[in-house]
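The structure appears right after this line, and notes come after that.
Every chain is numbered from 1 and lettered A, B, ... according to where its sequence line falls, protein lines coming before strand lines.
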Amino acid sequence: MAKTDIGPPDYKTMLPPVIERNYGKWLYHEILKPGVLMHVGESGEALYSVRAGSPRLVSTDHIREICDIAEKYCQGFLRFTSRHNIEFLLDDEDQIEPLVAELKSRGYPVGGTGHSISNIVHTQGWVHCHTPATDASGPVKALMDEIYEHFVESKLPAHVRIALACCLNMCGAVHCSDIAILGIHRTVPKTDNSRVPNVCEIPSTIASCPTGAIRGDMKNKTLTVNDEKCMYCGNCYTVCPAMPIADPENDGISIWVGGKVSNARSKPMFSKLAIPFLPNNPPRWPEVVHAVKNIIEVYASHAKKHERMGEWIERVGWERFFALTGIPFTDQHIDDFDLATETFRTSAQFKWR
Amino acid sequence: MAKTDIGPPDYKTMLPPVIERNYGKWLYHEILKPGVLMHVGESGEALYSVRAGSPRLVSTDHIREICDIAEKYCQGFLRFTSRHNIEFLLDDEDQIEPLVAELKSRGYPVGGTGHSISNIVHTQGWVHCHTPATDASGPVKALMDEIYEHFVESKLPAHVRIALACCLNMCGAVHCSDIAILGIHRTVPKTDNSRVPNVCEIPSTIASCPTGAIRGDMKNKTLTVNDEKCMYCGNCYTVCPAMPIADPENDGISIWVGGKVSNARSKPMFSKLAIPFLPNNPPRWPEVVHAVKNIIEVYASHAKKHERMGEWIERVGWERFFALTGIPFTDQHIDDFDLATETFRTSAQFKWR
Amino acid sequence: MERSDTPLLDELEKGQWPSFVKDMKEAARKNPMAKDLLKQLELSYKDKIGHWKHGGIVGVKGYGSGVIGRYSDRPDLFPHVQAFHTMRVNHPSGWFYKTETLRKLCDIWDKHGSGLTNMHGSTGDAILLGTTTEHLQPCFNDLSDAGFDLGGSGSALRTPSACVGPARCEWACVDSLDLCYHLTMAYQDQMHRPMFPYKFKIKISACANDCVAAIARSDLSIIGTWKDAIRINADEVRAYAENINIQKEVCDLCPTRCMEWDGNKLKIYDEDCTRCMHCINVMPKALRPGKETGASILVGGKAPIVKGALLSWVVVPFMKLEPPYDELKDLIERIQDWWDEFGKSRERLGELIQRLGMRVFLKAVGLPAVPQMVKAPRTNPYVFFWPEDLKKEEK
Amino acid sequence: MERSDTPLLDELEKGQWPSFVKDMKEAARKNPMAKDLLKQLELSYKDKIGHWKHGGIVGVKGYGSGVIGRYSDRPDLFPHVQAFHTMRVNHPSGWFYKTETLRKLCDIWDKHGSGLTNMHGSTGDAILLGTTTEHLQPCFNDLSDAGFDLGGSGSALRTPSACVGPARCEWACVDSLDLCYHLTMAYQDQMHRPMFPYKFKIKISACANDCVAAIARSDLSIIGTWKDAIRINADEVRAYAENINIQKEVCDLCPTRCMEWDGNKLKIYDEDCTRCMHCINVMPKALRPGKETGASILVGGKAPIVKGALLSWVVVPFMKLEPPYDELKDLIERIQDWWDEFGKSRERLGELIQRLGMRVFLKAVGLPAVPQMVKAPRTNPYVFFWPEDLKKEEK
Ligand code: SRM
Ligand code: SRM
Ligand code: SRM
Ligand code: SRM
Ligand code: SF4
Ligand code: SF4
Ligand code: SF4
Ligand code: SF4
Ligand code: SF4
Ligand code: SF4
Ligand code: SF4
Ligand code: SF4
């Protein structure tokens, strides 16, 4: 019988000796070049981390390749980052260049540090989930190919964090990203009332709807959606499989901007709607790639140093953001959920554009 | 038969000649001294306005006295301000000093301009309304006596606008004042179900409750309040006289700070809760007077020039405001109505005090 | 010395600020209503509770509003205020008066009422405080003869009000007084015969200083502004520099930081200016609003009841406002029609928009969505699409 | 040349960024599940729709969570992914691995699953992507033997995660890794046996840069901070001054403007500092967090479903955090007990507090109200009073 509740391996057994010795006693760091960090301890000892990009959806052979590299240069010590990059941990400065060279030759991008675009946090999409309105890995790959330079170089005004979630559940918390790419449905779920009695609990389905669009008939065990109140979040489908919502023609992607998580300078902020809808256009989602690149370029050429996307927009104003990016403003940009009034312009201060 | 729908007298017939001549063609103004404004037209002509305080609740004899003065110095032209002060309108500079002298001798305070505390906008209170939780004119008089110097002088960092409303209906819109004094009830209305069928409409009474605390029984024509959900707003009483809420022992006053209306520098802001409760202590409400003076003094000694109360607090932080004023912070300060989450500190940025 | 009937209120005759108790006593000397009011108020000061009953519906012929009914809960003690109704009287725009007009008002009120008034009520009306039911109609007749009319109450339009504007202020971007008068005259019917879901208030400030607090307390707030550049008088700027620190007091407090001062010349990047008025306020001799003036239209402002207080928000960034104000009146009527159709009883315009959403409102009244309407776009992904936004489904 | 089965996906092998399609093909070469996954994904690319059915409940003995059930809606076409469940595996704190450990994981997964993984999932688990129902238990057995355990799913605690913290970062104010490991071990039961109203996430960032995005995506967010002064190395400040504009890049961007730089000396008014990290971030050699370190505890963060997204907010401004972390664990348990008692099904902690109010929450968990909990006090006057706040009524 397998042991249960043993928890994960103790991280202490996973740390390279240089970390063990300097644990909690680091003094400062420097970014030696994009993707290469040096952390210096109070002891004077240095740890070098080389960060490489990853598609996150990786095969066991790919992991073994990473292991091979780590064994060759890092005594077998490595880590993954909170954005799913790979970090090779070295104590020997001389190994940096050979490692970087080998990584490049094997097609691993080295970068993601400082004022760059790091890996795109993303989710399952069509690879494994049941509620996606788009794929995850595909748009990420298509986009990273096009903004590759911003991963391997560090030439933006500040960090730009991009995330993608394939449905409104927002796994990965795209809601606080400089640029969020979000799969959305746009049509009302098609309730199959013949299945409802078997697979759905009526009260919890009703409760699942954020806008109260679902009415239930307890006697006949049926559910009805008020089309006018439904904003296609898909939450009812999560609790009731008889309410599928995917719709190949009308599902797609929305783009959100200006969120952040860190407390540096400004407080954490949610991302705000920039583009309500772009079509799903596999395999390379050109409309999405184009839209995101446009936003990055406008940001890069207008923001001041250290200014995150949201900080820049707050400074110049949303009217200016829409003018500069050429993105049309629509009634969909205006909040109409619970806290909507907090977003209304309750002042006479605004710019003409 | 009296003519109906004739509307008010045409304002054009009420304007002094100097205004008629310079209407819409003013060039600039100067505050010659507290309470005395000079407006200069493109024509070079000047209009002088002398502003005097008023209790607002005035007798016809008082109005006649004002008329006497206006006739003596201003050819019978005067106006009232949006804060219920009286303005005497002169075109002869030489009349200013005699006018000011006469006003002073008759007990009219001259001031309220510039960085002063102007008249307190207020409401009916026990003088005429049916829902007050406190009096209006009384606390205003008691307070103005104590902060008189701030009306007749102009030595604060910026305008301080004080308003008082005797119940949550907030006539006069105290909700955007530098300091708002608000009458509040603190006990649940006592429903008289014997009167409900005659004087109340059940559905509209239920609908009147912001927190959904009222249940109705349509058959027996009764109303029940869920004590736990009631926050004593008194709105049910407004629509249903059988639900009186006044309670001499527990009614009183709350103090709110940091609101503003103008768009100058910062956007208009609501006032925020400073002191949840002070007792009704007629005739001079010493606790209220003391509390407001304390807030004014702390503000006066800490804010920068041109910084309104709310702007100062936003700059230094609410934790600092409570520390400097010595006002205790309680769970009542934390919002728990509809938009509460918008007020929570969703960041790691704060001061220790 | 005689013992006073009103020992508590007497305390409020002391002190430097003008005393309402003095005014009440003045009136009480000649008027029994005022006398009973004073005594009832003293009782309230003793009991710490009001002594008025829940208001009743009283009025004048042909009108459904303009009078607030009021009855004492102790008519046994204070028979002269058994009925003590308030009359709300339309004020002249900007609260300008000639003394002869004011004197007429006083005479009428001495004849029919308590002799006590509020100059003015918070909405802006001249408030005639306390008369009997019988006196309402005769009082109204006299008012009407003297050229006065009643304001609003109940589910009706209220007397619009306006800042002093072009009559005395160099910053007026619209003729607030004329517009106020025009709207007051145009909407007499809506004011006097309640037919809306609830009250509706209009206030006009001729610039962003908002001296009538329009944004905080009107369902429709009109705030003057301009489209072109701030007018700079460079010499006067330099003159100010001798007395104030322009960098600190002006440039550093500009919300958009769109000004540069090099110690000699002031440069404003007008495309970034949000016309907050601060720089102009501090240097009125040196700076003036631009010449292409008009107003922003905002809607939804109100006090807390029922769903919480709202400040008005922008729905039309810029509208030229010139007589006969047709564009504005059209808009007001489209807005009121929609509110009238969909608003529940006691639901203010702002609350209705809150309930149904801006997109529904904008479509109904025919206004285009623009970024100036929001502080920021939505953060939640609960986005509705209009049917016409979608591709036809294949099946 | 042979026509490819996956012409659409093949397009995603092109380009410079590492391709997941390459990995899928790699796995597909030896694994039929991976092969069918690839083909089903191609179909999705063609159809623009997912081909997975609504998840079912599957698991391993004794656990109610850790596995996400998944079934193809085209088992006719892709029989090898008819069942294709994901296993969520607890990661070592900070995602540190020795290669030997990783290799073990790979071997197990080649034996039991598709050979495809996510390193890592968004919550932080090592995600083993796709196996059959029969393989779940044997796979778990092998994982357990290798020292691994499952993470959470359903209405259970999720694997806590932490920033790299003291292992590599000079700014760590708490031992995020040790705390993460400690909590993960302490709460194995809550993680593996769903008994909450909904999911519960804990994330730990050892400073306010929040490198695990704790504030945005955990019900309980722990963010390191300090109470004393920022440590300044004056020489290093001067050294930075040669490369950067300290006034512009540091002082002017300080959110509280509490720094003064005179070209030679940097002065920080620490009582005004909100420890945002910006100045330290820009000059890591010159500035360091203080020595009196601990963490702020925030609660309520979550994604939009159902009531809208929330960021966590402060409930304990400062807590010292040292093993055995009793104060913290007490608090977590009090919070979870309250949530457990009052939370509706699928109601996250933040939503429950939103529904019942902070005052009820604070009282229940025994925390004092402090101004650090709010951006600003309430603006609406709908204030509740506890019965004990009131005077006894006389009648
Ligand atoms: C490795 C990692 C932590 C981990 O446990 O895995 C990490 C490591 C460091 N972060 Fe971070 N951060 C990491 C994710 C984050 C995240 C979370 C995220 O992106 O999802 C954030 C919040 C992002 C946001 O606000 O949306 C984050 C916000 C920061 C900041 C604040 C940036 C800002 O100005 O807003 C700093 C400070 C800086 O870089 O100047 C920072 C600084 C650092 C430093 C310099 C800390 C140090 O002294 O070692 C590390 C190197 C940064 C670099 O890449 O240049 N780290 N950092 C994560 C790397 C992710 C990746 O692969 O790219
Ligand atoms: C007479 C009056 C208009 C009226 O139609 O009656 C008026 C008149 C002027 N206001 Fe005002 N304001 C008047 C109520 C207001 C209000 C409304 C209120 O207080 O309820 C506000 C909004 C207050 C708020 O934000 O809460 C208001 C915000 C301003 C401001 C912006 C102040 C700020 O920095 O926030 C200015 C600009 C300034 O004074 O520098 C201003 C400036 C002025 C100027 C200088 C305009 C001018 O050039 O003539 C006038 C003399 C001001 C003075 O008293 O120093 N006026 N002013 C009102 C006098 C009320 C009183 O008796 O005290
Ligand atoms: C007389 C006056 C106060 C004063 O002393 O100045 C007043 C007095 C009353 N107001 Fe008011 N309101 C007065 C201006 C206001 C204002 C300010 C304004 O209009 O600029 C407001 C806030 C702005 C707004 O409308 O939102 C205001 C918000 C209310 C409310 C809450 C409305 C809301 O939607 O939140 C009520 C409650 C109601 O309508 O049932 C209310 C109700 C009342 C009633 C009619 C009491 C009631 O529940 O029926 C009061 C009658 C008192 C009496 O016996 O005379 N009064 N009331 C003001 C009208 C005088 C005038 O005509 O000039
Ligand atoms: C695998 C993963 C995405 C990924 O590719 O990384 C994931 C996948 C799913 N998430 Fe998630 N969530 C994952 C991290 C998150 C995160 C991020 C985090 O934990 O830091 C969030 C946002 C933070 C939060 O919890 O609020 C997240 C918010 C949701 C929600 C919305 C919850 C809410 O309260 O708003 C749902 C909906 C639900 O629970 O019914 C959801 C539901 C799901 C389900 C179980 C679908 C469902 O409706 O039952 C997905 C299963 C996919 C599959 O077939 O494998 N997932 N989910 C992540 C877990 C991997 C891991 O264990 O490491
Ligand atoms: S975001 Fe939605 S579709 Fe994507 S993995 Fe999460 S639950 Fe599934
Ligand atoms: S999709 Fe969302 S909004 Fe529409 S009925 Fe389902 S739960 Fe409600
Ligand atoms: S604030 Fe309340 S009590 Fe005072 S006058 Fe207005 S409605 Fe009456
Ligand atoms: S007083 Fe207010 S909260 Fe209490 S029952 Fe009446 S309407 Fe509801
Ligand atoms: S609102 Fe503007 S225009 Fe009107 S009086 Fe005030 S400052 Fe002058
Ligand atoms: S009006 Fe306001 S925003 Fe415009 S320049 Fe002057 S201070 Fe700046
Ligand atoms: S959160 Fe702070 S302590 Fe943790 S890794 Fe990031 S910068 Fe370092
Ligand atoms: S940590 Fe942030 S708030 Fe504190 S001094 Fe540095 S920049 Fe300013």
Side-chain angles (χ1 to χ4, degrees), chain A residues 2-9 11 14-15 19 23-24 26-29 39 55-64 67 70-71 76 78-80 82 126 130 132 137 141 144-145 148 168-173 175-176 210 235 241 246 248 261-265 268 280 282-284 306 338, chain D residues 8 11-12 15-18 20 23 26-27 44-45 48-50 52 54 62 90 92-99 102-103 106 109-110 115 118-119 122 141 144 147 149 166-168 170 177 184-185 188 208-213 215-217 253 255 276-278 284-285 303 305-306 309 311:
Chain A
K3 276 187 288 184
T4 58
D5 300 304
I6 60 168
Y11 68 98
M14 303 285 160
L15 302 177
I19 289 190
Y23 193 92
W26 299 104
L27 189 58
Y28 70 90
H29 79 276
H39 285 80
R56 192 184 80 128
L57 170 44
V58 287
S59 66
T60 45
D61 284 347
H62 185 152
I63 300 174
R64 289 190 185 98
C67 292
E71 283 157 7
L78 68 123
R79 71 179 290 268
F80 296 85
S82 62
W126 294 331
H130 58 175
S137 312
K141 161 73 176 150
M144 284 308 288
D145 280 345
Y148 186 84
L168 263 60
N169 286 338
M170 289 203 189
C171 300
H175 58 292
C176 295
N235 198 37
V261 162
S262 82
N263 289 277
R265 300 167 308 283
N280 263 338
R284 295 203 76 101
H306 299 297
D338 287 11
Chain D
L8 291 169
E11 289 298 312
L12 290 172
Q16 287 184 282
W17 187 254
F20 69 100
D23 278 63
E26 217 162 72
S44 285
Y45 269 56
K48 304 201 227 174
I49 196 164
W52 297 109
H54 202 280
N90 277 168
S93 283
W95 303 284
F96 280 94
Y97 288 98
K98 283 210 301 225
T99 49
L102 271 180
R103 288 187 193 276
C106 292
W109 196 234
D110 278 344
N118 289 140
M119 294 304 273
S122 306
N141 296 349
S144 174
D149 204 337
R168 195 186 60 193
E170 66 270 30
L177 301 181
T184 309
M185 296 307 284
Q188 287 285 307
N209 282 328
D210 197 358
C211 294
V212 283
I215 204 164
R217 49 189 196 132
L253 296 179
C276 83
M277 291 297 297
H278 174 71
K285 274 187 169 171
I305 299 296
V306 182
L311 290 163

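Using a 4.5 Å heavy-atom threshold, the side chains of D:S93 and A:M14 count as separate. Within the 4.5 Å cutoff, the side chain of D:I215 has heavy atoms near those of the A:V261 side chain. Proximity of A:K141 to A:P55: side-chain heavy atoms (C-beta onward) are nowhere separated by under 4.5 Å.
Heavy-atom distances place both the backbone and the side chain of A:Y23 under 4.5 Å from chain D. For D:M119, the parts lying near chain A are the backbone and the side chain together; criterion is any non-hydrogen pair under 4.5 Å. Looking at A:H175, the atoms closer than 4.5 Å to chain D (heavy atoms on both sides) all sit in the side chain, from C-beta outward.
Most heavy-atom pairs under 4.5 Å with chain A, from the set D:S44, D:G147, D:P166: that is D:P166. If you tally non-hydrogen atom pairs under 4.5 Å between each of A:L78, A:V58, A:L27, A:T4 and chain D, the highest count goes to A:V58. For the set A:P132, A:A264, A:P268, A:C67, the entry with the most heavy-atom pairs within less than 4.5 Å of chain D is A:C67. Among D:L102, D:N141, D:I49, D:L253, the residue with the largest count of heavy-atom pairs under 4.5 Å with chain A is D:I49. Among D:F20, D:W52, D:W17, the residue making the largest number of heavy-atom pairs under 4.5 Å with chain A is D:W17. Per-residue counts of heavy-atom pairs under 4.5 Å with chain A were compared for D:D210, D:I305, D:T184; the largest is that of D:I305. Interface check for chain D: of the options A:P210, A:S137, A:G24, A:S262, the most heavy-atom pairs under 4.5 Å are formed by A:S137. With respect to chain A, the highest number of heavy-atom pairs below 4.5 Å among D:A27, D:C211, D:P255, D:G62 belongs to D:P255. By number of non-hydrogen pairs under 4.5 angstrom with chain D, the leading residue of A:I63, A:D338, A:N280, A:L168 is A:I63. Of the residues considered (A:H39, A:R56, A:M144), A:R56 shows the highest number of contacts with chain D, using heavy-atom pairs under 4.5 Å. Top candidate by heavy-atom pairs under 4.5 Å with chain D, chosen from A:D145, A:L15, A:N169, is A:D145. Put simply, of D:P284, D:A309, D:P18, the one with the most heavy-atom pairs under 4.5 Å next to chain A is D:P18.
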Assess the residue pair A:E71 and D:R103 against the criterion (salt bridge (charged side-chain N to carboxylate O under 4.0 Å, His left out)); give the C-alpha distance rounded to whole Å, side-chain angles, the decisive distance to 0.1 Å, and a yes or no.
CA-CA 12 Å; A:E71 283 157 7; D:R103 288 187 193 276; 2.7 Å; yes

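Checked by atom type and distance alone, the side chain of A:R265 never pairs as donor or acceptor with a backbone atom of D:C276 at under 3.5 Å. Here the side chain of A:R64 pairs no donor or acceptor atom with the backbone of A:S59 at under 3.5 angstrom. Between the side chain of A:W126 and the backbone N or O of D:Y45 there is no donor-acceptor pair closer than 3.5 Å.
Here A:K3 does not pair with D:D149 in a salt bridge; the nearest charged N to carboxylate O distance is not below 4.0 Å.
When only modelled atom types and interatomic distance are considered, D:E170 and A:H29 share a side-chain donor-acceptor pair under 3.5 Å.
Ring pair D:Y97/A:F80 is perpendicular by interplanar angle, where above 60° counts as perpendicular and below 30° as parallel.
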